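Notes follow once the structure below has been shown.
Start at 1 and go down the list; that is how both ligands and their atoms are numbered. Reckoned from all heavy atoms, side chains included, excluding hydrogens, waters and symmetry mates. Source: prediction; values computed, not measured.
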Amino acid sequence: MKKISIAIDGPAAAGKSTIAKMVAHNLGYTYIDTGAMYRCVAYYALRHNVNFHDEEAVNALLKDIKIGMLPGGRVTLNDEDVTSSIRANEVSMGASIVSSYAKVRSFLVSQQRELAKGGGVILDGRDIGTVVLPHAELKIYQVASIECRALRRHKENLERGIPSDLEEIKKEIADRDHADMTREVSPLKKADDAIELDTSDMTLDEVVAHVMDLVSARV
Ligand code: C5P
């Protein structure tokens, strides 16, 4: 069967990575979480006391950053496992800031294209269908209401024993979306040929089944 490339873009906490992982598992495809790569840059800046807003200083760090996207989904930064550390809230906010820098984006986009070459891949992010893989055979723009996204994230936090405040999460998500949609370089937007999928009233299984149908029509 033909191995295609799948792009999933959309706002923060829309469940893109959960769906991408499940679909990748069903198809035997490689899943690449591009948000984790921006998080690595922010995490490295944080560790080196570099202000996220200092573009020159953040750019200067790139030459020292080696990101590993391991097959099981773990993420390494200069060979250190940072899979959990990059999920911290301050790293999310930092990622949203450093991702607006052209040099950071071109540094990561070229790695993402390299990882995706050959097909049989699902990438999720903000600019996959528009910039990273403009020729992807299937592009999905996954959205859900802000209430729904915040509530899902809140429940996830509580399940993991992480203290969580629903209103704060809502604000954090809205701020991040605003920054991602209004930045100059590769802002978050639906590619013209992407299929919009509103998952607000869908179960996980329904979303996965729907995406699998879309894949079947293309292989
Ligand atoms: O997807 P995730 O929430 O982990 O992404 C963290 C941040 O990285 C996003 O808020 C966005 O600013 C940035 N990002 C991006 N382009 C991507 C993936 C993530 O700008 N392809």
How far is [atom] from the closest protein heavy atom, and which atom is that?
atom                    : value
atom 8 (O) of ligand 1  : Y38 CB, 3.5 Å
atom 7 (C) of ligand 1  : A95 CB, 3.7 Å
atom 1 (O) of ligand 1  : R126 NH1, 2.9 Å
atom 18 (C) of ligand 1 : T34 OG1, 3.4 Å
atom 6 (C) of ligand 1  : R176 NH1, 3.5 Å

Report, in ascending order of atom number, the atoms of ligand 1 lying under 4.0 Å from any heavy atom of [X].
X    : result
R39  : 2 (P), 3 (O), 4 (O), 6 (C)
D180 : 9 (C), 10 (O), 11 (C), 12 (O)
D127 : 16 (N), 17 (C), 21 (N)
S99  : 11 (C), 12 (O), 13 (C), 20 (O)
R183 : 12 (O), 15 (C), 20 (O)
G35  : 1 (O), 2 (P), 4 (O), 5 (O), 18 (C), 19 (C)
G125 : 17 (C), 18 (C), 21 (N)

Verify the neighbour count for atom [atom1] of [X]: are there more than 12 heavy atoms of other residues, nucleotides or ligands below 6.0 Å?
X    : atom1 : answer
K170 : NZ    : yes
E196 : CD    : yes
D192 : CG    : no

For ligand 1, is there an atom lying under 4.0 Å from some heavy atom of R105?
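Right, R105 reaches ligand 1.
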Can we say R47 and E80 salt-bridge, meaning some charged N sits less than 4.0 Å from an Asp/Glu carboxylate O?
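Looking at R47 and E80, the cut-off is met.
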Measuring from atom CG of L61 to atom CG of D54, what distance do you get when rounded to the nearest 0.5 angstrom?
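One gets 9.0 Å once the value is rounded to the nearest 0.5 Å.
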Gap between atom OG of S17 and atom CE of M22 - 0.5 Å precision
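Going from the CE atom of M22 to the OG atom of S17 covers 11.5 Å.
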Could you tell me whether the side chains of D198 and S200 share a donor-acceptor contact shorter than 3.5 Å?
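Checked: D198/S200 side chains pair up, N/O donor to acceptor below 3.5 Å.
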Looking only at heavy atoms, which two atoms of A42 and G94 are closest? And how far apart?
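Taking A42 first and G94 second, the nearest heavy atoms are CB-C, 3.5 Å.
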Indicate yes or no for a side-chain donor-acceptor contact from N157 to the backbone of S164 under 3.5 Å, with no hydrogens or angles considered.
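No, the answer is negative, given that no donor and acceptor are paired below the 3.5 Å cut-off.
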